[in-house]
Number of protein chains: 2
Amino acid sequence: MLHHHHSVTCRHHDKHSAQEVLDEALHRAKDGGLRRTRALEDVLRILIASHQPLNLADISESKGLKSGADRATVYRLLVKLEERGIIRRLGLHDRSTYYTMLEHDRHDDYLICTGCGRIQRLDIQCPVEALERDIEKASGFKKLHHELEFYGLCPKCA
Amino acid sequence: MLHHHHSVTCRHHDKHSAQEVLDEALHRAKDGGLRRTRALEDVLRILIASHQPLNLADISESKGLKSGADRATVYRLLVKLEERGIIRRLGLHDRSTYYTMLEHDRHDDYLICTGCGRIQRLDIQCPVEALERDIEKASGFKKLHHELEFYGLCPKCA
DNA sequence: ATACATGCAAACATTTTGCTTTGGC
DNA sequence: GCCAAAGCAAAATGTTTGCATGTAT
């Protein structure tokens, strides 16, 4: 349950430094059989630095992509990273697919303006964790995770 | 909170008959300035009959589309129906956009298999309603609604 | 040395639009 | 009769793949 005197928007108080998160991700990528290339590091760094989900265009056109890697390269990296559970795919109402880092001790829900498309990470205690475990048991589905987004009109667009 | 002795899957016990839902939707469409065409009725009927979200291809190739309406026609109807709050768009992890009827007294959450793509409506009491109202107040966003999906591997695919 | 990663270009899937004709009100 | 809706076809958008070449291990 959310307390009204707390901000509902993201406070960006990461538990781990960007460097730690990167090292961990690179380690997991290596274990997953990926080679340590410039493009891989760039993509991870960009995702870690972003406080929003990013899509393929965002990443492949990012200033942070020092290697200047091709769209196809970035695409293939994203697929591999997702398969290995290092990043997560999100289906926001945009035509494109969004990605975020998947950090163990953090879960993100989003608040999205249907007018301007602004995506805001919510700093809330997610209320569906218990439910998720129940559904896992009751349905026989394995490795459950969830996606929760709130849509509405932001103050500017309303 | 879900009780373990209850099924977690949809029981299809609609509170209103399909005809009632259709009449209500047509009425709201009319109020929204839409003309009562064959294609409109077909699209609504198809959505009402479906116990799953449907995408543009599903609808425009459906047997139920007696009028044989064009893809573009169906597309434009879907846009108009969504603008008027009669149907809802969903961003499932598929490449396409899905739609469902938006019924006042029903809220749908989904369980989706990341292996075979099967979409299952969940018959649960959604735990985020209260949170939604809090976020609405705290964020200044208007007309909030949410989308909640659980992803995982179904028994067959696991 | 080998297998994986990359770049480029082309193929795909799906959505979206322009324009003319049709049809509901 | 007027304006919205439909039909057809083409454009736009974003993703995905094939293949020759480069590069990490």
Side-chain angles (χ1 to χ4, degrees), chain A residues 25-46 53-62 64-84 86-99 114 117 119, chain B residues 25-46 53-62 64-84 86-99 114 117 119:
Chain A
L26 282 169
H27 184 258
R28 297 223 291 144
K30 184 173 202 173
D31 282 357
L34 297 197
R35 291 179 177 176
R36 179 158 184 163
T37 64
R38 190 72 194 278
L40 173 64
E41 282 190 46
D42 286 347
V43 167
L44 287 172
R45 239 190 278 274
I46 290 166
L54 300 175
N55 64 23
L56 178 57
D58 293 334
I59 299 170
S60 62
E61 288 158 19
S62 163
L65 198 71
K66 307 264 175 53
S67 60
D70 189 79
R71 243 186 173 65
T73 299
V74 175
Y75 171 76
R76 284 185 272 230
L77 283 172
L78 291 171
V79 170
K80 285 170 190 155
L81 290 169
E82 202 233 337
E83 284 169 357
R84 287 159 181 77
I86 297 168
I87 66 176
R88 166 164 295 174
R89 236 149 60 87
L90 294 173
L92 310 180
H93 279 179
D94 201 290
R95 279 240 322 245
S96 58
T97 304
Y98 283 78
Y99 299 88
T114 49
I119 303 168
Chain B
L26 282 169
H27 184 257
R28 298 223 290 143
K30 184 174 201 173
D31 282 357
L34 298 197
R35 291 178 179 179
R36 178 157 181 162
T37 64
R38 190 73 194 277
L40 174 63
E41 282 190 46
D42 286 347
V43 167
L44 287 172
R45 238 190 278 274
I46 290 166
L54 300 176
N55 65 23
L56 178 57
D58 292 335
I59 298 170
S60 63
E61 288 158 19
S62 163
L65 198 71
K66 307 262 176 54
S67 59
D70 189 81
R71 245 188 173 64
T73 298
V74 175
Y75 171 75
R76 283 186 270 230
L77 282 173
L78 291 171
V79 170
K80 284 170 191 155
L81 289 169
E82 202 233 337
E83 284 169 356
R84 287 158 181 77
I86 297 168
I87 66 176
R88 167 164 295 174
R89 237 149 60 85
L90 293 173
L92 310 179
H93 279 179
D94 201 289
R95 280 243 316 250
S96 57
T97 304
Y98 284 78
Y99 299 88
T114 49
I119 303 168

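Values below: all heavy atoms of this structure, side chains included; hydrogens, waters and symmetry mates excluded.
The OH-C1' distance, from B:Y98 to C:dA13, rounds to 13 Å in whole Å. The distance between atom CG of B:L54 and atom C1' of C:dT14, rounded to the nearest whole Å, is 16 Å. Straight-line distance from the CG atom of B:L78 to the P atom of C:dT16: 10 Å, rounded to whole Å. Spacing between atom CZ of B:R71 and atom P of C:dA13 amounts to 11 Å, rounded to whole angstrom units. Atom pair B:N55:CG and C:dT15:P shows a separation of 6 Å (rounding to whole Å applied). Atom pair B:H93:NE2 and C:dA13:P shows a separation of 21 Å (rounding to whole Å applied). Rounding to whole angstrom units, CG of residue A:L56 and P of C:dA13 are separated by 18 Å.
Between atom CD1 of residue B:I46 and atom NZ of residue B:K66 there is a gap of 8.5 Å, rounded to the nearest 0.5 Å. To the nearest 0.5 Å, atom CG of residue A:L40 and atom CG of residue A:L26 are 5.5 Å apart. To the nearest 0.5 Å, atoms CG (B:L78) and OG (B:S60) are separated by 9.0 Å. Atom CG of residue A:L81 and atom CG of residue A:L44 lie 5.5 Å apart, to the nearest 0.5 angstrom. Note that CG of A:L65 and CZ of A:R71 are 11.5 Å apart. Values are rounded to the nearest 0.5 Å. Atom OH of B:Y99 and atom CD1 of B:I59 lie 8.0 Å apart (nearest 0.5 Å).
Contact annotation: B:Y75 side-chain N/O to C:dT15 OP1/OP2 distance is not under 4.0 Å. OP1 or OP2 of C:dT6 lies within a sub-4.0 Å distance of a side-chain N or O belonging to A:T37.
Axis deviation across the helix from C:dA1-D:dT25 to C:dC25-D:dG1 amounts to 40°, comparing end segments of five pairs, rounded to 10 degrees.
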Could you run down the sub-3.5 Å N/O contacts of the protein with nucleotides 18-22 of chain C?
unit_1 : atom_1 : unit_2 : atom_2 : d
C:dG18 : O6     : B:R76  : NH2    : 3.1

Side chain to side chain contact (heavy atoms under 4.5 Å, CB included), that's the test. Do B:I119 and B:D94 meet it? Break it down for me. CA-CA 11 Å; B:I119 303 168; B:D94 201 289; over 6 Å; no
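Counting only distance, with no hydrogens or angles, the side chain of B:R89 and the backbone of A:H93 share a donor-acceptor pair below 3.5 Å.
Considering all non-hydrogen atoms of both residues, A:A39 and A:S67 come closest at CA-OG, 3.8 Å. Among all heavy-atom pairs drawn from B:D58 and B:P53, the shortest one is OD2-O, 4.5 Å. The shortest non-hydrogen separation linking B:S62 to B:G64 is OG-N, 2.9 Å.
A:L56 is listed as a side-chain neighbour of A:V74, based on a closest heavy-atom distance under 4.5 Å.
A residue-by-residue look at B:R38 and B:R95 shows that B:R38 has its nearest nucleotide of DNA chain D further toward the 5' end.
Of all nucleotides in DNA chain D having an atom under 4.0 Å from a heavy atom of chain A, the first and last in 5' to 3' order are D:dT13 to D:dT25.
Within residues 28-35 of chain A, the residues having any heavy atom under 4.0 Å from DNA chain D are, by residue number, A:R35.
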Give every donor-acceptor pair under 3.5 Å between a side-chain atom in residues 27-34 of chain B and any protein atom, sequence neighbours left out.
unit_1 : atom_1 : unit_2 : atom_2 : d
B:R28  : NH2    : B:G85  : O      : 2.8

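Among the heavy atoms of the strands, none lies under 4.0 Å from A:A57.
A:R36 is linked by a side chain to side chain donor-acceptor pair (under 3.5 Å) to A:E41, counting only residues two or more places apart in sequence or in another chain.
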